[in-house]
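Comments concern the structure below.
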Amino acid sequence: MKTYEIGVLPESEWFFFSPSEETKKMFYYHTMCGHFYCSQDYYIKRETYPPLLLVYVTRGTFFLELKDDTYEAHAGQIAFFDCRQPHYYHASDDLEFYFVHFDGPQAHELCRYINQTSGLIIEGENNGAILRMMEDMVMFYQDGGSESVFETSARIYQMLMLLNNPIQSPRLKKNDDSMSRVVSYIRSHVGKRITLQEMADIAGLSLYYFSHLFKEMTGQSPNEFVIYSRIDRAKALLLTSDLSIAEISREVGYPNSSNLITLFTKRVGCPPAQFRKENRVSAPAEP
């Protein structure tokens with residue numbers, strides 16, 4: 001579809017989509033996508049707009065203002081943000097970009113997560129793959145293509161997966177191997193008592209520095225990570241063995257089974273025995 005918005009040049013293309021109410025409840029869906037060539041006259045300014053916006057800049061600069069913050073996306077970079085907040089974006093002269101407006105269940109929460117881990121302006125190793133997906137999407141609709149809501153939803157989610165490329169601080173990059181050694185040690189020693197000092201020694205770092213780096217990498221404190229690693233091991237034993245709850249407790253480092261039961265119930269939402277009963281697959285009956 002040709003567009004005549006101010007600053008959008010005639011060779012541009014865009015496509016609109018009107019999802020059903022059922023689609024909105026169940027799937028990721030796009031409301032608009034396209035390939036724009038713009039002059040410096042192009043701008044959009046809104047207080048709010050329901051969908052998210054994903055932009056890949058192929059040439060020029062995409063200027064963006066969100067509340068009191070300003071951003072620039074240059075060629076090869078992606079801008080990804082929630083349009084429900086006040087926003088204003090405009091073009092450098094000779095701007096070219098691909099875009100898709102989309103929404104869906106928990107999409108805004110996922111956008112917030114990606115912005116926190118990957119940034120709002122993204123320059124990651126997966127950007128090229130995302131560009132190819134957006135090019136294919138525009139060509140698909142240019143050729144009059146149609147697809148199921150499952151296919152559309154899967155394509156959008158795949159782009160989001162590629163976007164989730166966490167930014168590491170220089171200090172975390174420097175100590176990435178040390179953190180990986182600690183994670184591997186925890187997972188292979190869930191039945192043993194693991195102290196914070198022991199983990200810091202394996203990483204070769206001070207207690208304070210190690211604790212902060214570990215949480216930056218995993219999103220959990222070292223002690224929380226140990227607890228969840230033990231719970232994960234307990235889940236596996238509950239579903240794949242006939243060990244009693246007391247025996248499993250000892251296997252994952254809790255001599256007193258009440259400790260495991262309390263922690264398991266709090267973090268999983270049910271006691272270990274109930275988890276086993278509801279999730280264990282029964283062996284097929286003999287013919």
Side-chain angles (χ1 to χ4, degrees), residues 1-18 28-104 107-108 110-112 114-116 118-143 152 155-156 158-160 162-165 167:
M1 172 181 176
K2 295 297 181 183
T3 175
Y4 299 99
E5 277 193 6
I6 294 174
V8 177
L9 303 179
E11 59 263 43
S12 302
E13 292 278 358
W14 66 353
F15 306 91
F16 291 91
F17 309 92
S18 299
Y28 280 1
Y29 57 91
H30 46 30
T31 58
M32 190 191 314
C33 71
H35 180 197
F36 274 10
Y37 298 85
C38 302
S39 72
Q40 61 185 359
D41 296 324
Y42 174 71
Y43 77 93
I44 296 290
K45 188 172 186 179
R46 309 184 187 97
E47 285 300 309
T48 187
Y49 188 63
L52 305 169
L53 178 58
L54 174 64
V55 169
Y56 184 103
V57 178
T58 55
R59 186 174 67 240
T61 303
F62 181 91
F63 299 100
L64 171 64
E65 296 180 19
L66 290 176
K67 296 183 178 178
D68 298 324
D69 296 318
T70 60
Y71 306 87
E72 294 182 8
H74 303 282
Q77 294 182 320
I78 286 172
F80 180 47
F81 59 96
D82 189 337
C83 296
R84 293 182 304 180
Q85 57 190 314
H87 57 279
Y88 167 50
Y89 51 87
H90 55 103
S92 68
D93 200 25
D94 202 26
L95 171 67
E96 178 187 356
F97 64 92
Y98 286 84
F99 72 93
V100 56
H101 276 294
F102 69 92
D103 211 330
H108 293 268
L110 189 52
C111 175
R112 187 182 309 112
I114 291 173
N115 287 160
Q116 289 172 347
S118 299
L120 192 145
I121 304 299
I122 301 168
E123 186 171 13
E125 60 185 15
N126 296 326
N127 281 19
I130 294 171
L131 171 61
R132 289 189 291 274
M133 292 183 69
M134 298 181 83
E135 289 173 332
D136 290 344
M137 180 170 57
V138 170
M139 290 180 61
F140 179 76
Y141 293 117
Q142 281 177 333
D143 294 338
T152 300
R155 179 183 16 232
I156 293 170
Q158 186 176 358
M159 285 193 284
L160 293 176
L162 292 170
L163 280 175
N164 185 31
N165 184 28
I167 298 171

- Task: Could you check Tyr89 against Tyr43 for side chain to side chain contact (heavy atoms under 4.5 Å, CB included), going step by step and ending with a plain yes or no?
- Result: CA-CA 6 Å; Tyr89 51 87; Tyr43 77 93; over 6 Å; no
- Task: With sequence neighbours left out, write down each residue that passes ring-ring contact (aromatic ring centres under 6.0 Å, His included) with His35, or none if nothing qualifies.
- Result: Tyr37, Tyr98
- Item | Separation between CD of Gln158 and CG of Asn126, rounded to the nearest 0.5 Å | 10.0 Å
- Could you tell me which residues satisfy side chain to side chain contact (heavy atoms under 4.5 Å, CB included) with Ala91, sequence neighbours excluded, listed by chain and number? Cys38, Tyr42, Leu95
- What distance do Phe140 atom CZ and Arg155 atom CZ have between them, rounded to the nearest 0.5 Å? 6.5 Å
- Answer whether the closest heavy-atom distance between the side chains of Leu160 and Ile114 falls below 4.5 Å. yes
- Query: Side chains of Gln40 and Asp94: does their closest heavy-atom pair fall under 4.5 Å?
  - Reply: no
- What residues form a side chain to side chain contact (heavy atoms under 4.5 Å, CB included) with Asp41, not counting sequence neighbours? Ile6, Ser39
- Message: With a 3.5 Å distance limit and no angle check, can you tell me whether Asn127 reaches the backbone of Gly124 through a side-chain donor-acceptor pair?
- Response: yes
Kindly list each side-chain donor-acceptor pair under 3.5 angstrom involving residues 64-75, sequence neighbours excluded, with atom names and distances?
| from | atom 1 | to | atom 2 | distance (Å) |
| --- | --- | --- | --- | --- |
| Glu72 | OE1 | His74 | NE2 | 3.1 |
| His74 | ND1 | Thr61 | OG1 | 3.1 |

- Message: Counting C-beta onward and ignoring hydrogens, is there a side-chain heavy-atom pair between Tyr141 and Phe17 closer than 4.5 Å?
- Response: yes
- Can you sort out the partners of Arg132 under side chain to side chain contact (heavy atoms under 4.5 Å, CB included), two or more places apart, ordered by chain and number? Ala129, Glu135
- Establish, yes or no, whether a centroid distance under 6.0 Å links the rings of His101 and Tyr49. yes
- Any side-chain heavy-atom pair of His90 and Lys45 under 4.5 Å: no
- Less than 4.5 Å apart, any side-chain heavy atom of Cys33 and any of Phe15? yes
- Output the distance between atom CZ (Arg112) and atom CG (Leu110), rounded to the nearest 0.5 Å. 10.0 Å
- Any donor-acceptor pair under 3.5 Å linking the side chain of Asn115 with the backbone of Phe80? yes
- Message: Taking the side chain as everything from C-beta on, heavy atoms only, tell me whether Leu53 gets closer than 4.5 Å to Phe81.
- Response: yes
- Item | Asp82: partners by side chain to side chain contact (heavy atoms under 4.5 Å, CB included), with sequence neighbours left out | Leu52, Arg84, Gln85, His108, Cys111
- Task: Scan Phe63, Tyr56, Phe36 and name whichever one has a ring-ring contact (aromatic ring centres under 6.0 Å, His included) with Phe97.
- Result: Phe36
- Note on the structure: Nearest heavy-atom contact between Leu163 and Ile122 is CD2-CD1, 3.6 Å
- Check: Thr152 and Ile156 side chains under 4.5 Å, non-hydrogen atoms: yes
- Task: List the steps and the verdict of side chain to side chain contact (heavy atoms under 4.5 Å, CB included) for Ile121 and Ile78.
- Result: CA-CA 6 Å; Ile121 304 299; Ile78 286 172; over 6 Å; no
